[in-house]
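Worksheet: the structure to be examined is printed underneath.
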Amino acid sequence: GAVVSQHPSRVICKSGTSVKIECRSLDFQATTMFWYRQFPKKSLMLMATSNEGSKATYEQGVEKDKFLINHASLTLSTLTVTSAHPEDSSFYICSAGALNSPLHFGNGTRLTVT
Amino acid sequence: GEDVEQSLFLSVREGDSSVINCTYTDSSSTYLYWYKQEPGAGLQLLTYIFSNMDMKQDQRLTVLLNKKDKHLSLRIADTQTGDSAIYFCAESPSFGNEKLTFGTGTRLTIIP
């Protein structure tokens, strides 16, 4: 069964609004979670590393004020796309892993900004 | 920086074996992974191999690693229609809690 749950799987929002995506590790504690973005027919691009109890580490070129990441507990990280625009439409995927185990991925969130 | 390359497309007849190849440049890559992505879904971990191994077999899947050439392959025996997906190889310097560097992905198409 799924070990990483991502919600929602699909969301449509109006331009200018904010959208929150949740990523949960189901039966393990994840001190680190990762947020990826995937463009159509492309590979995954790492956006940021979410660290429990501290600030996220963003990759170069990713706007931290636009993509807010909160890792409030050992089983939950959230990504909030603020003031969304059509160019933010994409497939967002989170992953989580425990020490000495491979990373598992959520099922992704398809965001469409109209 | 790290670079992981794959061919973009592969077509295989149902029942034949599929071989998906991957090359990487980072000599510190310690763990190498294969993930499967079906349309509209997340990534499913298929298998992984540690860099001190040459081969790993798991049912229909066989992973071969040539560390000298930095070449990784995934062989799927008796390919079925359900194997149609995009396959990503990935590498990381350690196990767990480490970001992965992904290849470009190979779209596997099964010909009936």
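Letters A, B, ... mirror the listed sequences (proteins, then strands); counts begin at 1.
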Of the listed A:K42, A:R110, A:Q38, A:K41, the one with the largest count of heavy-atom pairs under 4.5 Å with chain B is A:Q38
Around atom CD of A:E87, are there more than 12 heavy atoms of other residues, nucleotides or ligands at under 6.0 Å? yes
Give a yes or no on whether the ring-centroid distance for B:F102 and A:F34 is below 6.0 angstrom. no
Are B:W34 and B:V12 linked, directly or through other ILVMFWY residues, by side chains that come within less than 4.5 angstrom of each other? yes
How long is the straight-line distance from NE2 of A:H104 back to CG of B:L43, given to the nearest 0.5 Å? 12.0 Å
Taking atom NE2 of A:H85 as the centre, report whether more than 12 heavy atoms of other residues, nucleotides or ligands fall under 6.0 Å from it. yes
Same apolar cluster: B:I20 and B:I110, side chain cutoff 4.5 Å: yes
Picking from B:L100, B:L8, B:L45, which has the most non-hydrogen pairs under 4.5 angstrom with chain A? B:L100
Give a yes or no on this: more than 12 heavy atoms of other residues, nucleotides or ligands lie within 6.0 Å of atom NZ of A:K64. no
Within residues 44-60 of chain A, which positions have a heavy-atom distance to chain B below 4.5 Å? A:L44, A:L46, A:E59
Would you compute the distance between atom OH of B:Y31 and atom CG of A:L103 and round it to the nearest 0.5 angstrom? 12.5 Å
For the backbone of B:G103 and the side chain of A:S43, can you confirm whether one donor and one acceptor N or O come within less than 3.5 Å of each other? yes
Is it possible for you to say whether B:Y33 and B:L65 belong to one hydrophobic cluster, with membership spreading through side-chain heavy-atom contacts below 4.5 Å? yes
Under a 4.5 Å side-chain heavy-atom rule over Ile, Leu, Val, Met, Phe, Trp and Tyr, are A:I93 and A:I21 clustered together? no
Go through the atoms of A:Q6 and report whether side chain, backbone, both or neither lie under 4.5 Å from a heavy atom of chain B. neither
For the candidates B:Q37, B:R107, B:E38, which exhibits the highest count of non-hydrogen atom pairs separated by less than 4.5 Å from chain A? B:Q37
